Amino acid sequence: MEREGSSNHWDWNNPETRRRLEDLFFDERGYIKSKSEESKEFWVFFERFQRFQVLQKQKTRRSDVGEEEGHKKKLADLPKEYDPRYRINMSIILSREAERALHGHQKKGHKSRNYEDIPIDKLTEFKKAILHYLDFNQRQSFGKLTKLRKERSSLPIFQYKDKIVQMVRDHQVVVVAGDTGCGKSTQVPQYLLAAGFGHIACTQPRRIACISLAKRVGFESLNQYGSKVGYQIRFESSRSPATKIVFLTEGLLLRQIQRDSDIPQYQVLIVDEVHERHLHSDFLLGVLRRLLPQRPDLKVILMSATINIKLFSEYFDQAPVLQVPGRLFPIQVIYQPIPQEEAVSKSEKLDPRPYLRVVQAIDHKYPTDERGDLLIFLSGVTEISTVQEAIQVYATHTQRWIVLPLHSTLSIAEQDKVFDLTPPGVRKCIISTNIAETSVTIDGVRFVLDSGKVKEMSFDPKAKMQRLQEFWISRASAEQRKGRAGRTGPGVCYRLYAESDYDAFAAYPVPEIQRVALDALVLQMKSMGLGDPRIFPFIEQPPMSSIETAILYLKDQGALDVYEELTPIGNLLAKLPVDVVIGKMLILGSLFSLVEPVLTIAAALSVQSPFLRNATNNPECTTARKPLESDHGDPFTLLNVFNEWLQIKSNRGSNSRKWCRRRGLEEQRLYEMTNLRRQFKELLKDHGMLQESETRTVDRYRRQRQHKERKELHQLKREHERTEKRKRKVLKLQDEELGTSSDEDKKSSKERNNSVDIQDVKFKLRHNVDELRELSGAGEELSSRQLSLLKLIVCHGLYPQLALPDSFNSCRKDSDQVFHTKSKQGIVLHPTSVFSSNPELLQVDEDQEEVNVNDSKNRGLSSKHQIVGFVSLLETNKPYLVNCVRLPALQGLLLLARSLDTNTDCCRIVCDGWIEMNMEDPENTLHLISEAVKVRLAWEKVLRSRLEKSNRRDFDEDDKRRWRREIDGLRAASG
DNA sequence: CTCTCCCT
């Protein structure tokens, strides 16, 4: 009776009821884990199932069709091949408690559990629902699996499956050449795994490719391998001991080889996209060629587009080649060379008219209800803006296009817009750099418009200057660009050059190794014991002058000795994943109690600038940025940005995303910096340059709070992962009258604020913000003494990258300030530099002189003169100094210059044979020089002894005391 | 008055 009664008032939706059922049926042994994401999914299913059953009862009350049959037909579209044999054996899915409850075997002692008021028919019903749920899921998986099998077997490469396996069995090196869409990157690793190979690594030039390939391959196997497919990139890994296939970046594999040249952890190495000819992949091929005889059991598969295959095959002793056809739709090519008068416009600005004409032609020729977006390839950001402006006018007028720029200096949010959808009858017009050639793949592109131009970085070894210049693309690039039109259907490629131009293009782009500075490469080669880099058998030799320049530079920097062997410093530099310049800062920085800001600056100079270019036009942003600017130079501005951001981060309740947006900062770059500085710190510790930090004592209250917060963060992360499915937004047309964009921005930013900031969650799981803030001293202002030491450390890293202001600068306007280096005259400040907008900081201000002469030692000397340290020299339209620091000339040069020459009466000092200082007080000059020499000797001694001891961890107390004394002396003298 | 693109 009682049971009947409670059954009538039964409510499946009662949370308490649900909790109790979960307790009873879901446990650790069960297929549905209690409180798991799956249990949530189950309840969603359950509600549908209940509704369905009610419906079904009404319909089939008098029908002969069994209830169960009915469900099966309605619940899912299942393939005919499904066989109920695949069903899970029910007996194992229920917890013991549940079985007892169902069979009424509850023992007296278990009364506390109190299931008796749950009616037995409800228990049975619930059990049935679980059964259906599991069955439903299995059928779904089964359906997915058959669909995937079909897809996989329709890939062009599928025909060659056995052939590939056989070739790999028979040869140590195999080349697989296949064009876009043949499926080589996803299938080859799986074929090899299925054939019994294990420990498979597949390298990719880009991080995102590693993640998406691991995801795709994991998905194709329906995660039946579980964690058997994974990826590993810097700072991120989904690898586990069970991983059989790992996708990793070329750079990461090279670091692994540097640690253990035999890489015993791998049996098969697949090097993908070798045709792209990146510095890393060319080097990796060289390293592997050396390794093969030592590892006869190692299998290497090179994967390439069908480009220049002979080169790769020959490099590996005529390795066999398998060519696989690609799968692209046909693409019509239309050559439309730019008329003479538009090709060379007077303003030297790109003429957008030929581009606009193509857009209009598309509107004219193709009905708006036909699918297809347009992708325009241009060489650079300014070109994109010019063309964008012109097309936007037309787009606003016709309401048929949404114009989107795409390049790497755009905020990540803006880059992601190219994946959004358009309203019906509207096409996307994506105007892009070569980022869309390989790195960003946009489906749905039907039209490609190719300018035929690309900007490429080259290197001038004489001035140690980077040069960014525009060139014609290669035929290979032209084909790659064209191919972007045929991914989802037949396409059209408009080329704004003549077919004869195309024929005159180079066949391939110049490999990176032949264009860039090889400092880091040579250093790494030395550290890997690869011998003389001049005679290393690269697949294609870099210019000998590049190698010589690199060796000379490394010698000059003390990384190589006269025999071109690694010095202790060089050895350490080779292990730091940064430019030599940054590595030197880190090494010197670790000798002082100023490591923390040095770590931050080194990290900041190793990532893309967090300052978004777009925001420079926004006056609100520039005002909000003002307080972050440092008088001392750009690296210090970056330091301020990081420290301020960290303050915001550790302040619960404040929104760092909003803080960044207001200042036009890309927060992602700050996250990257946090990861980098931690890696630097750990490497310096590993090599004995820093002492292990004492474990901090945290009071119990705080520990509890941290524990609770972490739990919540994990919960948020899981929640996010469950609901992750990226929803593509529908883009809006720009309003004809006034840009509704600002309104739109506000709205979308609000929406974004409401959702979980997953980057913030991940960041807080990875780093202890409070600890980070306290350790990095983010809240504290540096004393002027610390600041001046910090500058010296930074400039010691930069040395000899120093520039002198031209003596007539005070007569020039802000943007025309001229500087000189030893090897290059007439350089200007990059407009992003603080000094560019505040050039007076670098000028000798006669009024200020009075104020400065309060230090007796410096009386009458050029302490007011400033020299400029810079991180890099970049020539675009003009040669620019990038990332500048100012340094008091006298102090800086005395402490940094390689050579100091004086005349007999000491009224002149010539530094490094090019900077001359006129001294007013010869007696004091001598004193200063001897002080400087003392400091430099101490500096060197400390460094050497630290490096020599770096293999031993046990510094004795005497050492420490001595170092501290010397460093203090040094600090006093240089402050 | 401004910078192609990756990566340890």
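Reminder, nothing fancy here: chain letters follow the sequence lines and each chain counts from 1. Worth knowing before you read on, the calculation uses all heavy atoms, side chains too, and leaves out hydrogens, waters and symmetry mates. The model shown is predicted, which means the values in this text are computed figures rather than measured ones.
Regarding contacts with the backbone of B/dT4, every side-chain N or O of A/Thr433 stays at 4.0 angstrom or more from both OP1 and OP2. The side chain of A/Arg467 places no N or O atom within less than 4.0 Å of a non-bridging phosphate oxygen (OP1 or OP2) of B/dC3. For the OP1/OP2 pair of B/dC5 and a distance below 4.0 Å, the side-chain nitrogens and oxygens of A/Ser408 include at least one atom meeting the criterion. For A/Thr249 and B/dT8, the shortest distance from a side-chain N or O to OP1 or OP2 is below 4.0 Å. For the pair A/Asn877 and B/dC3, the criterion of a side-chain N or O lying under 4.0 Å from OP1 or OP2 is met.
Between the CG atom of A/Leu253 and the P atom of B/dT8 there is a distance of 11 Å, rounded to whole Å. If you measure from atom NE2 of A/His280 to atom P of B/dC7, you get 10 Å, rounded to the nearest angstrom. Remark: C1' of B/dT8 and CZ of A/Arg678 are 17 Å apart, rounded to the nearest angstrom. Atom CG in A/Leu248 sits about 9 Å away from atom P in B/dT8, given to the nearest Å. Taking atom CZ of A/Arg613 as the reference point, atom P of B/dT4 lies 7 Å away to the nearest angstrom. In this structure, the CZ atom of A/Arg669 is 10 Å from the P atom of B/dC6, given to the nearest Å. A/Lys455 has its NZ atom 16 Å from the P atom of B/dC6, to the nearest Å.
Using a 4.0 Å cut-off between a side-chain N of Lys or Arg and a carboxylate O of Asp or Glu, A/Glu479 and A/Arg484 do not qualify as a salt bridge. Using a cutoff of 4.0 Å between basic side-chain nitrogens and carboxylate oxygens, A/Asp634 and A/Arg886 are not scored as salt-bridged.
Taking the centre of each ring, A/Phe870 and A/Phe819 stay at or above the 6.0 Å mark.
The aromatic rings of A/Tyr502 and A/Tyr497 lie parallel to each other, with less than 30° between the two planes, well short of the 60° mark.
A/Thr203 and A/Glu250 share no side-chain donor-acceptor pair at under 3.5 Å.
Note on A/Ser609: nothing from the nucleic acid sits closer than 4.0 angstrom, heavy atoms only. Using a 4.0 Å heavy-atom cutoff across all strands shown, A/His830 reaches at least one base atom of the nucleic acid. Residue-level contact check: A/Val454 touches neither bases nor backbone, having no heavy atom under 4.0 Å from any strand. Using a 4.0 Å heavy-atom distance criterion, A/Arg234 is classed as a base contact.
For A/Ile435, counting side-chain heavy atoms from C-beta on, the closest listed nucleotide (B/dC5, B/dT4, B/dT2) is B/dC5. Of the listed nucleotides (B/dC6, B/dT4, B/dT8), B/dC6 has the atom at the smallest distance from the side chain of A/Ser439.
Toward the 5' end of DNA chain B, the nearer of the two residues A/His407 and A/Asp579, judged by each one's closest nucleotide, is A/His407.
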